[in-house]
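Just so it is clear, the model here is predicted, and its values are computed rather than measured. Naming convention: chains lettered A, B, ... in sequence-line order (proteins, then strands); numbering from 1 in each chain.
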Protein chains: 2
Amino acid sequence: MSPPTTRDKIIDAAMAVVREQGVAKLTLDEAAKGAGLSKGGVLYHFKTKDDLIRGMVERLINQCDKLQLAYYDKEPEGPYRWARAMVQTTFDPNGPASDKVSGALLASVAVNSELVAPIQAKYDEWIERIRSDSPSPMLAGLIGMAMDGYSFERIMGLKLCDEEDEMKMKQYILDLLKAEPTHE
Amino acid sequence: MSPPTTRDKIIDAAMAVVREQGVAKLTLDEAAKGAGLSKGGVLYHFKTKDDLIRGMVERLINQCDKLQLAYYDKEPEGPYRWARAMVQTTFDPNGPASDKVSGALLASVAVNSELVAPIQAKYDEWIERIRSDSPSPMLAGLIGMAMDGYSFERIMGLKLCDEEDEMKMKQYILDLLKAEPTHE
DNA sequence: TGCCATATACCGTCTGGCCGGTACAGTACC
DNA sequence: GGTACTGTACCGGCCAGACGGTATATGGCA
């Protein structure tokens, strides 16, 4: 990996602002300060604030997608392979539930709901993937919903259980995907 | 039900703004316009904007709680009664996935993350409830996460399937809660 | 090798608009 | 005449975006 470009540094800083101070505090000035340059500099790389958020969303999507593909490779073959990869991705510290990337979603919804569109597109793709190799699409769908729930809870700052319980839950879900090759 | 108070009308209008224009557009002026009065009028009822959001959050909590209790009464006795009530609540058109109430959560997170606190408190209570009568707390927890996922997806404007599939999913989940009285 | 031209990357300043909040002046009903 | 409520006018701060400028690198060319 080459050293992060200025563009990347700005996105990092913007994510950090959302995480630490909330979406409302995400200003060009603040992002600039975090990235170590001036607002003018930020506006050189991103023409508008919406553009910056687009960049954040793109980062979110790429990061999650890359992660999911990596986990897919690591998972053994067999039914529910994509679903298993999704579970691993969700609980990964760099996954969608991570503070580091999730700000993008929040920012996009808060500022301009049109900016969610690329997420929706990728989202459809993910769902399609998971359905493709799941003997019970319903079970896979349920678990997919739950993974979203987990991610969103983290983003919103709602805690439903401590970390120990989370690991148990992860294992429980993975067991479900082993034990029920052809449920229904 | 007595006719809605001005206070209620303001909250309704604020919710509508969040729903239709996004959190960023939620201003005192806009909420006032929606409620049919001036900003001064709004500020008479809510001393600050945070105060208004607190009101929205309170509304969200009360509405969901009331709904859940009502469904609990309607559900037949037996295991997973609270979990079943939660599923019904989630899919209810006035439930947490409803456009009409969900804006509160978004607004609170976006504007001032401290305002989420009352939600977290209620949230803990709901989780406790569900665990209390679930033979498999893991299954109940999974379904709870999925219900959150569904609600949040709606709030964010992400669609995972059409309405027909949603109803199938609801039925699938309710069947799970019948078929597995003592899973694990 | 020296000179100009252009592109890239960035800074600092300014401005116009928006928005939260204040102050105060009604109005209407009891 | 007081209380509950609503409107109007305004202030001060913040912020997106525009703009003009600067420094450095690159490349052509004589």
Check: How about Y71(A) and D92(A): does a side-chain donor come under 3.5 Å of a side-chain acceptor?
Finding: yes

Note to self: When you compare the side chains of Q88(A) and Y72(A), does any donor N or O come within less than 3.5 Å of an acceptor on the partner?
What the structure shows: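 Distance-only check fails for Q88(A) and Y72(A).
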
Next item on the list: Determine, for nucleotides 8-22 of chain D in 5'-to-3' order, which nucleotides have protein heavy atoms under 4.0 Å from the base (write B), from only the sugar-phosphate (write S), or from neither (write -).
Entry: B------SBB-----

Notebook entry, point to check: Got a salt bridge between R84(B) and E75(B), using NZ or NE/NH1/NH2 to carboxylate O under 4.0 Å?
Noted result: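 Salt bridge present between R84(B) and E75(B).
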
Check: Can a salt bridge be assigned to the pair E166(B) and K170(B) using a cut-off of 4.0 Å between side-chain N and carboxylate O?
Finding: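 Between K170(B) and E166(B) there is no salt bridge, as every charged N stays at least 4.0 Å from the carboxylate O atoms.
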
How many Å lie between [atom1] on [X] and [atom2] on [N], as a whole number?
| X | N | atom1 | atom2 | result |
| --- | --- | --- | --- | --- |
| Q21(B) | dC18(C) | CD | C1' | 14 Å |
| L37(A) | dA23(D) | CG | C1' | 15 Å |
| K33(B) | dT6(D) | NZ | P | 18 Å |
| D51(B) | dG20(C) | CG | P | 14 Å |
| I10(A) | dC11(C) | CD1 | C1' | 13 Å |

Check: Reckon H45(B) has a side-chain N or O less than 4.0 Å from the OP1 or OP2 of dT6(D)?
Finding: yes

Margin query: Tell me whether the side-chain N/O atoms of Y44(B) come closer than 4.0 Å to OP1 or OP2 in dC5(D).
Written below: yes

Checklist line | Minimal non-hydrogen separation, M56(B) against A14(B), with atom names | finding: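 Looks like SD-CB, 3.8 Å.
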
Next item on the list: Check the pair R19(B) / D12(B) against salt bridge (Lys or Arg N to Asp or Glu O under 4.0 Å), numbers first and verdict last.
Entry: CA-CA 11 Å; R19(B) 170 172 87 246; D12(B) 284 336; over 6 Å; no

